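Heads up: the structure comes next, in structure tokens.
We use all heavy atoms of the structure for the numbers below, so side chains are in, but hydrogens, waters and symmetry mates are not. Fair warning: this is a prediction, and the values are worked out from it, not measured in the lab. Counting convention: from 1, in listed order, for ligands and their atoms alike.
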Amino acid sequence: MTEPLTTTPVGTSGTAPVGIVGTGYVGLVTGLALAELGHPVICLDVDRAKVTALRAGQAPFHEPGVDDLLARHGGRITFTTEPGDVFGPCPVVFVTVDTPPGPSGDADLSRVEAVVAAIPAGTEVVMAMKSTVPAGTGRRITRHLRATGRHGVRYVSNPEFLREGSAVHDVLHPERVVLGADDPAAADAVAALWAPLGAPVVQCDVASAEMVKLAANAFLATKISFVNEIANVCDAVGADVATVARGMGLDSRIGAAFLNPGIGYGGSCFPKDVAALKQLAGNSGYHFQLLSAVIEVNELQKRRIVVHLANRLGNLQGATIALLGLAFKPGTDDLREASSLVLAARLAAEGATLVVHDPVVGDHVLQALPAGTVKVARAADALAGADAAIVVTEWPEYLELVRPGLAASMARPLLVDGRNLIDPEAAATAGFEWVGVGRPDCLPDALAEPGLDLDDVEADAPAPVAGR
Ligand code: UGA
């Protein structure tokens with residue numbers, strides 16, 4: 001058996017170190033934020049390769065600001081695979097392991113259970129749960145700890161609300177800190193760590209804190225599915241969802257955030273947490289009907305774009321389609337539940353050939369994409385010869401594609417903007433036939449003129465005409 005990678009002793013400065021178990025997005029960014037606030041931090045992970053890389057200053061994922069914090073706080077944050085480096089030396093330990101969906105739709109808590117099992121008898125610690133867990137988990141863990149004689153472990157639910165792509169900013173500028181605990185002193189110990197950030201604190205019982213997290217994610221996902229359905233109705237009646245969303249969002253009771261329609265939400269959180277809340281309700285005897293619709297709308301939205309394409313190109317058999325963006329959102333290389341993967345599989349099933357681009361996702365993605373998919377390093381190269389291009393992830397660099405000449409490099413200058421990223425008129429001016437989500441199509445002037453052939457369209461066509 002390989003020896004664990006242990007830390008050198010930390011805490012000699014007199015300040016007790018804070019422990020982190022699990023160095024994924026939440027764990028690593030939480031640890032770096034605490035280091036930024038001046039605390040010595042010890043991060044525990046079971047993945048030796050990850051720990052070795054982190055010790056060398058290499059983050060296991062792309063996230064703005066993380067490399068910089070790792071470089072600046074290398075002396076204050078240490079990494080280990082040995083539980084004894086964390087349980088014992090650290091009065092507060094954050095649990096930040098992942099809780100992926102299990103086969104039944106319930107959250108798989110095996111990694112959380114493994115952490116609980118690793119806490120030695122006699123340990124005095126405040127265990128602050130940041131992993132997203134079903135309501136009731138804290139109560140069950142506390143009961144289990146008591147039953148196994150580990151009376152020194154005090155449980156606090158401290159859910160995390162960071163978003164990938166802006167994780168460092170979100171952790172250092174929280175809109176609220178939620179602390180659920182039966183023991184007020186334990187909650188105070190965690191509150192003290194976050195106090196310098198000045199966020200409002202919601203102090204409550206454990207189950208309510210757990211529910212805040214699930215309800216917040218489910219509500220945001222509901223907002224997205226709602227605006228996606230509004231976009232689909234806009235398509236049907238010839239309205240513009242951008243105007244509708246703006247008109248809705250200015251009502252402070254509604255708010256403008258999360259009203260961007262697109263090709264569905266993805267990532268490691270919304271799909272999992274919506275399913276987990278639905279399942280949790282079902283397990284408790286309550287049928288959460290609304291969430292069933294939220295999930296179904298999201299699935300249909302990923303596929304809807306294939307219908308848009310087929311309507312315009314006819315048979316997709318043999319068509320070359322460029323996918324612009326693969327990550328589930330900009331600012332990350334995360335592919336978990338990314339709409340791009342579903343879209344690629346559907347297009348390949350229709351007989352299309354795929355050329356893909358993403359500014360940060362590595363070539364390993366090809367293993368998850370249909371056979372024969374080509375990945376190119378420059379977005380402009382994906383357009384060359386394509387029958388259509390689809391903006392799948394709203395990376396800001398795709399705005400630069402809207403310039404004269406690129407449309408002419410395509411077999412057909414059809415730009416399907418799955419995230420409503422690009423200004424339709426600018427796209428049409430640059431010679432693209434722009435098709436968005438819930439917005440009127442925008443064609444180059446010449447395309448809108450009857451009797452003109454597509455081949456006659458100049459790349460730098462004059463002012464656009466909006467129309468369907
Ligand atoms: C989400 C929540 O926003 C965080 O508050 C939460 O902490 C996190 O889940 C979690 O539970 O860990 P994240 O998944 O990183 O964060 O990303 P979001 O920015 O919320 O985007 C999620 C998905 O929704 C993306 O696929 C995005 O493209 C999509 N989305 C978002 C839309 O389609 N429309 C919108 O208006 C907003």
Run the numbers on Lys272 and Asp98 for salt bridge (charged side-chain N to carboxylate O under 4.0 Å, His left out), then give the verdict.
CA-CA 11 Å; Lys272 164 184 78 106; Asp98 56 336; over 6 Å; no

Are any of the N/O atoms on Asn260, whether in the backbone or the side chain, positioned under 3.5 angstrom from an N/O atom of ligand 1?
yes

Could you tell me if the side chain of Asp358 sits less than 4.5 Å from the side chain of Trp395, heavy atoms only?
yes

Is the closest heavy atom of Glu337 to ligand 1 under 4.0 Å?
no

Tell me the protein heavy atom at minimum distance from atom 15 (O) of ligand 1, and give that distance in Å.
Glu164 N, 2.7 Å

Below 4.5 Å, heavy atoms only, C-beta onward: do Val437 and Gln301 meet side chain to side chain?
yes

Atom 18 (P) of ligand 1: the protein heavy-atom neighbour that sits closest, reported with distance to 0.1 Å
Lys329 NZ, 3.5 Å

Give me the nearest non-hydrogen protein atom to atom 1 (C) of ligand 1 as residue plus atom name, then the distance to 0.1 Å.
Phe270 CE2, 3.5 Å

Does the side chain of Ser268 pick up a donor-acceptor pair with the side chain of Tyr25 at under 3.5 Å?
no

Distance from atom 3 (O) of ligand 1 to nearest protein heavy atom, with residue and atom:
Arg163 CG, 3.4 Å

Report the nearest protein non-hydrogen atom to atom 5 (O) of ligand 1: residue, atom name, distance rounded to 0.1 Å.
Phe161 O, 2.7 Å

Counting only nitrogen or oxygen atoms and a 3.5 angstrom limit, does Lys213 reach ligand 1?
yes

For ligand 1, is Gly266 a contact, meaning one of its heavy atoms is under 4.0 Å away?
yes

Closest approach of any protein heavy atom to atom 12 (O) of ligand 1, naming residue and atom
Cys269 SG, 2.7 Å

Tell me whether Phe328 has any N or O atom under 3.5 angstrom from an N or O of ligand 1.
yes

For atom 30 (N) of ligand 1, what is the nearest protein heavy atom, given as residue, atom name and distance?
Ile224 CD1, 3.4 Å

Atom CZ of Arg72: over 12 foreign heavy atoms under 6.0 Å
yes

Look at atom 8 (C) of ligand 1 and say which protein heavy atom is nearest, naming residue and atom and giving the distance to 0.1 Å.
Leu162 O, 3.3 Å

Is the shortest heavy-atom distance from the side chain of Val227 to the side chain of Phe258 under 4.5 Å?
no

Can you tell me if CD on Glu299 sees more than 12 non-hydrogen neighbours from other groups inside 6.0 Å?
yes

Kindly confirm or rule out an N or O of Glu394 lying under 3.5 angstrom from an N or O of ligand 1.
no

